[in-house]
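Heads up: the structure comes next, in structure tokens.
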Number of protein chains: 2
Amino acid sequence: MPQKDDFSLQDFTPYLLNQAAEESSLAFQRVYKNRYGMLRTEWRVLFHLGTYGEMTATDICTKARIHKTKISRAVQKLVERRFVVRARSDEDRRVEKLKLTPAGDTAYRDLRAVAEEYDAKLRAQFTSGEVALLRMMLKRLAGLESAE
Amino acid sequence: MPQKDDFSLQDFTPYLLNQAAEESSLAFQRVYKNRYGMLRTEWRVLFHLGTYGEMTATDICTKARIHKTKISRAVQKLVERRFVVRARSDEDRRVEKLKLTPAGDTAYRDLRAVAEEYDAKLRAQFTSGEVALLRMMLKRLAGLESAE
DNA sequence: GCTTGTTAGTTACAAAAACAACTATTACCA
DNA sequence: TGGTAATAGTTGTTTTTGTAACTAACAAGC
């Protein structure tokens, strides 16, 4: 008869983080999925280009910590849908600079508005001090110390 | 020229939560993957049976919020590896009660020890008050209010 | 110049996940 | 009873992901 340890699965940080991440992503996922037929990597690429401006695929890989094959496929989809255009760089012809089309920018702004409202709703459950602390802790756990 | 909004992707709660969840899961993932060849759903099932004792597949679905087809296949794997045994319930023959074998319990204890140590390392970056607040917030975001 | 190594991005194939349809058993109720 | 609906769990099919191998362009050393 195995005597119980005080280990609690619900308090295991990676597990709890995953539960919170999944649950808190659900409603937003429904929007980009139903409204634009996008996948997770696709909205992330869209948002990177929307918030940071022109970037290369590798820039997005680094910043978003997503593997290059996923980025490659997401970019293809976004280009097909005319949300993104690519342009070979003149200095280095391996590189392609990515940016949003006007249609892509419209989609980005639409989703960004949803994201802002949605995030405000999530934050409303807590005090602003709690939110600040949460962000600090999550950034440290994510390995996003200040820079990057 | 799109004037910048104050939206910050890195502060968008679902995004930040996902980054933290992914990063904080990596090192533990390597252990259950390399040491036991397990997938995410498999260690989760193992841990549910280890920490809560005998459960049915549906119990695990509800508690862990994982789809039943994923549970079904994870259980198959664990049964093949002799970590779990199934027993048809007598009251309701649709139901099967799942529990760990001695080998499964050994694996569970081994991984639990790793998890505890790993979690302690994560928590060590913060004060105990901060950790308590983080847990409270994550549970609320995950929709795990007290019960369940 | 030529070899060797590195980087940007794509493609091919295998593993895993999502989703729908299925079997078997139980519950409800007319 | 008999018929319909609900539940537990599985299986099959399609998407999506992960991994490795690939092409193309540049870079450095000789």
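Here is how names work: the chains are called A, B, and so on, in the same order as the sequence lines, proteins then strands, and each is numbered from 1.
- Picking from D:dT17, D:dT10, C:dA8 the nucleotide with the shortest atom distance to the side chain of A:Thr58 gives C:dA8.
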Worked verdict on A:Thr56 versus A:Asp59 for side chain to side chain donor-acceptor pair (under 3.5 Å) | CA-CA 5 Å; A:Thr56 71; A:Asp59 292 339; 3.2 Å; yes
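- Salt-bridge formation is not detected for the pair B:Arg73/B:Glu42: no Lys NZ or Arg NE/NH1/NH2 atom is positioned less than 4.0 Å from an Asp or Glu carboxylate oxygen.
- Taking the six-membered ring for Trp and the full ring otherwise, the centers of A:Phe83 and A:Tyr108 sit at least 6.0 Å from each other.
- Under 4.0 Å is where a charged nitrogen must lie from a carboxylate oxygen, and between B:Arg123 and B:Glu130 no such pair does.
- Taking 4.0 angstrom as the limit, B:Gln76 places a side-chain polar atom (N or O) nearer than this to OP1 or OP2 of D:dT11.
- A ring-centre distance under 6.0 Å is found for B:Phe12 and A:Phe28.
- The side chain of B:Thr69 has C:dA20 as its nearest neighbour among D:dT13, C:dA20, C:dT11.
- Applying a 4.0 Å cut-off to non-hydrogen atoms, the residues of residues 83-96 of chain A that approach DNA chain C are A:Arg86, A:Arg94, A:Val95, A:Glu96, listed by residue number.
- Near-neighbour residues of DNA chain C inside residues 23-41 of chain A, defined by a heavy atom below 4.0 Å, number-ordered: A:Lys33.
- Summarising the geometry, the separation between CG on A:Asp59 and P on C:dT7 is reported as 15 Å, rounded to the nearest angstrom.
- Note: B:His48 and B:Tyr52 have tilted aromatic rings, judged against thresholds of 30 and 60 degrees for the angle between ring planes.
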